[in-house]
Amino acid sequence: SANALWGGRFAAGPAEIMEKINASIGFDKQLYAQDIQGSKAHCKMLVARGIISRDDGDAILGGLDQVKDEIEAGKMTWDPALEDIHMHVESRLKEIIGEPAGRLHTARSRNDQVATDFKLWTRDAIDQMDEALGGLQTVLVDKADKYAEVILPGFTHLQSAQPVTFGHHLLAYFEMFARDRGRLQDARTRLNESPLGAAALAGTSFDTDRFMTATELGFDRPTANSLDSVSDRDFALEFLAAASICATHVSRLAEEIVIWSSAQFDYINLSHKFTTGSSIMPQKKNPDAAELCRAKAGRIIGALNSLLIVMKGLPLAYSKDMQEDKEATFDAANAFSLIIAAMAGMVDDMEVKADKMLASTQSGFITATDLADWLVRVLGMPFRDAHHVTGTLVAKAEQKGCDLDGLTLEEMQAVEGRITDDVFSVLSVENSVASRTSYGGTAPARVREQVKAARERLKS
Ligand code: ARG
């Protein structure tokens, strides 16, 4: 049978496969609350502008509340023939209140309706992610405070580079997540314009008030161009881009957790809360939560790519391709919230093995830079020469099978005669980190300062 909403032009209903490929209700029912919120704002505006009567408006508002209650009570019948959430809400409204339901769609189209719903949904998602990230940052600061003096190797190329404090390492992630929150806020600011009332693409001949609906829905203003209003999915792309970058950060930390919890590194111990066993190897305690954080980052990046590719060939204004925006975004948001929560849980849960971290700084010539710096500071050598002398000493120690502080003064003097006993004072990792007091450096005193500043930033 022909469609109830556009049956006038249609003699027959769609092919079965058309109904299947066309239907979005399976996923866009998630937008029911936003759809009803948007419809209520639109209805109030139509009444305020005298476009529909107050009685009809009241009937519509009451009916929409009932539809919402029914959906939340699980009483709504979902029917693929009704395509999407917008048509489900409207047709149920018609069953409840009759004729006035048909007046709600005056001066509106599903094109501005879906853009509005999806923006409202994305705005909520941004707000939720912002809060979740604040929680993760709080965990990171607390741990950074606790481990401000714990020393471990800092790596470049995953080779021992210079000793750092574990608190400093954790605060590096605090900074990443701070930028991620900034990106989400930027996206929110640009998102927050109302497309409602742009209608199908050209605007409407009715004397509407788009500023009123914008305000009612918490938008800063209406969008300025009706064509852009219904064609724009930047807001979803920006959300996915910010989520992808943030997920990349989560993934890097997850990767470190996988490395740190391996028997070879043994820097941390994850409790049974965030690990799983093996069905064959009885000794195993696998960091599955971290691995899944790493993998879900891929999924989120995939969603960004998927939507970019859907959008890139579309002429203005709306095309049905755009219906494919939602599943990827919903899925990414779900994955995003899972990984932030799981990461916060893991960081909070992990037991830090300070002795193991320290022990692994005792090999790898990790204070070689400190030795070179000493040659510059005390002997007045140019840094390049000091680098060369130190390199020779490292080679010598390697040959002898010891670390730098295992060389005798005589052995050092054979390379550079002016070296004195004082050099040994800079070869300890404790002195090394304590000396890194430059702004943003790894010295425990600096880390404590950064912890304090980070806590202030979390308050604002
Ligand atoms: N279900 C559609 C979507 O998600 C709603 C908009 C339909 N508009 C149209 N002109 N067919 O994009």
Side-chain angles (χ1 to χ4, degrees), residues 2-10 13-15 17-39 41-42 64 67 71 76-93 102 104-125 191 194-204 213 217 223 225-237 239-240 303 306-333:
N3 187 289
L5 297 184
W6 54 71
R9 189 189 180 321
F10 284 70
I17 187 62
M18 173 58 192
E19 203 168 280
K20 260 194 187 147
I21 195 175
N22 197 32
S24 55
I25 189 60
F27 47 88
D28 69 15
K29 59 178 139 191
Q30 277 195 61
L31 294 175
Y32 81 89
Q34 289 80 5
D35 196 66
I36 288 169
Q37 189 189 0
S39 285
H42 185 66
L64 285 170
V67 175
I71 293 175
M76 185 76 159
T77 327
W78 306 109
D79 175 8
L82 282 174
E83 273 192 43
D84 58 25
I85 186 63
H86 324 295
M87 284 163 65
H88 274 81
V89 170
E90 191 181 322
S91 76
R92 182 65 193 129
L93 183 66
L104 172 61
H105 214 54
T106 316
R108 157 180 110 164
S109 149
R110 279 189 297 158
N111 297 347
D112 58 335
Q113 197 180 349
V114 74
T116 305
D117 293 3
F118 197 27
K119 270 194 170 183
L120 290 172
W121 186 92
T122 304
R123 192 175 67 186
D124 280 352
L191 166 153
S194 173
L196 190 56
L201 73 163
T204 177
T213 47
L217 295 171
T223 48
N225 181 295
S226 62
L227 282 165
D228 176 51
S229 310
V230 294
S231 311
D232 166 36
R233 291 296 180 272
D234 293 8
F235 61 91
L237 289 170
F239 169 62
L240 291 173
S306 153
L307 186 53
L308 282 169
I309 295 164
V310 165
M311 294 305 296
K312 76 174 193 50
L314 299 187
L316 303 189
Y318 179 87
S319 298
K320 200 60 172 264
D321 310 52
M322 292 164 75
Q323 179 166 282
E324 293 280 315
D325 55 2
K326 284 174 271 312
E327 271 173 300
T329 309
F330 292 163
D331 182 74

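As the structure lists them, so they are numbered: ligands from 1, and atoms in each ligand from 1.
- Classified by interplanar angle (parallel below 30°, tilted 30° to 60°, perpendicular above 60°), the ring pair W78/H88 is tilted.
- For ligand 1, one of its N or O atoms has an N or O atom of N111 under 3.5 Å away.
- The shortest distance between side-chain heavy atoms of D325 and F235 does not fall below 4.5 Å.
- Close contacts of ligand 1 with K326, meaning ligand atoms under 4.0 Å from a residue heavy atom, involve 3 (C), 4 (O), 12 (O).
- With respect to S229, the side-chain hydrogen bond (donor to acceptor under 3.5 Å, both in side chains) criterion is satisfied by exactly one of T223, N111, D112, T116: T223.
- Counting the atoms of ligand 1 from 1 in the order shown, those under 4.0 Å from a heavy atom of H86 are 5 (C).
- For ligand 1, the atoms closer than 4.0 angstrom to any heavy atom of S24 are 1 (N).
- Proximity to D84 (heavy-atom distance under 4.0 Å) selects the following atoms of ligand 1: 1 (N), 2 (C), 5 (C).
- A donor-acceptor pair under 3.5 Å is formed between the side chain of K119 and the backbone N or O of L191.
- Closest protein heavy atom to atom 6 (C) of ligand 1: Y318 OH, 3.5 Å.
- Of the candidates E90, H105, E83, E83 is the only one forming a side-chain hydrogen bond (donor to acceptor under 3.5 Å, both in side chains) with R110.
- At a threshold of 4.5 Å between non-hydrogen side-chain atoms, the residues S39 and H86 do not count as touching.
- Counting protein heavy atoms only, atom 11 (N) of ligand 1 is closest to R110 NH2, 3.4 Å.
- Close approach of ligand 1 to Q323 is summarised as follows: ligand atoms under 4.0 Å from at least one heavy atom of the residue are 1 (N), 2 (C), 3 (C), 4 (O), 12 (O).
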